[in-house]
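These figures come from a predicted structure and were not determined experimentally. Chain A is the first sequence line, chain B the second, and so forth, proteins listed ahead of strands; every chain is numbered from 1.
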Amino acid sequence: EPEVTQTPSHQVTQMGQEVILRCVPISNHLYFYWYRQILGQKVEFLVSFYNNEISEKSEIFDDQFSVERPDGSNFTLKIRSTKLEDSAMYFCASRFRTSGLQETQYFGPGTRLLVL
Amino acid sequence: DAKTTQPPSMDCAEGRAANLPCNHSTISGNEYVYWYRQIHSQGPQYIIHGLKNNETNEMASLIITEDRKSSTLILPHATLRDTAVYYCIVRVAGNQFYFGTGTSLTVIP
């Protein structure tokens, strides 16, 4: 069964450093998402991406964040200058289409980011 | 946004049916009810979704009341591996899913 994959599974970085989290969505999916979950808290939406551009973003997704689909298969989340509060699990998700509200998002296993 | 209300926690004996309730009294006519679960800190796993008819798949059954103001997810024979946080989500207009705090289900041997 096709699945969303994410790399790395864990990443430790120093405050102020740039990190890039990578995702490979399901191959025929067209819509891509990043969510995050701070330890012990809810899963929060960050951004959605379609047709090579951001379609929606939350208040969390500020200028320090960016997304890209560099090669038609990978979908990346970049944090330019990490802060301690960026420590969280980051989940990528994808779905096939938006013909209605019923389309299901499939999530990857997540990347655990720790900022020291 | 249509909100959902779920009990914070439930227990279920292994092998018995787990019935997880969800209230969504402000749901609009074209919004679907989705159920996901999250085991430990893994990525949310899709379980089932429905509009107004009851639905069943290999994982679970979804019972939606006729007025659509509430639903119940049924795991027919709970196993220890079903211990997880279960999220009931009503899909709002737009792309993202809003995850609440969910129900923490513990399956007891």
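Of residues 80-89 of chain A, those residues with a non-hydrogen atom less than 4.5 Å from any non-hydrogen atom of chain B are, in numerical order, M89(A).
A salt bridge (charged side-chain N to carboxylate O under 4.0 Å, His left out) check over residues 23-49 of chain A, counting only residues at least two apart or in different chains, returns the pairs R36(A)-E44(A).
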Under 3.5 Å donor-acceptor pairs involving side-chain atoms of residues 80-89 of chain B, not counting sequence neighbours:
from, atom 1, to, atom 2, distance (Å)
D82(B), OD1, R37(B), NH1, 2.8
D82(B), OD2, T79(B), N, 2.9
D82(B), OD2, T79(B), OG1, 3.4
T83(B), OG1, L80(B), O, 3.2
T83(B), OG1, V107(B), N, 3.0
Y86(B), OH, R37(B), NH1, 3.0
Y86(B), OH, D82(B), O, 2.6
Y87(B), OH, Q38(B), OE1, 3.1

Per-pair distances, 0.1 Å, donor-acceptor, side chain in residues 8-28 of chain A, under 3.5 Å, sequence neighbours excluded:
none

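You'll find the ring centres of F49(A) and F75(A) inside the 6.0 Å limit.
Aromatic ring pairs are classed by plane angle as parallel below 30°, tilted from 30° to 60° and perpendicular above 60°; the pair F107(A) and F99(B) is perpendicular. Ring geometry for Y36(B) against Y46(B) counts as perpendicular: the plane angle is over 60°, on a 0 to 90° scale with 30° as the lower cut.
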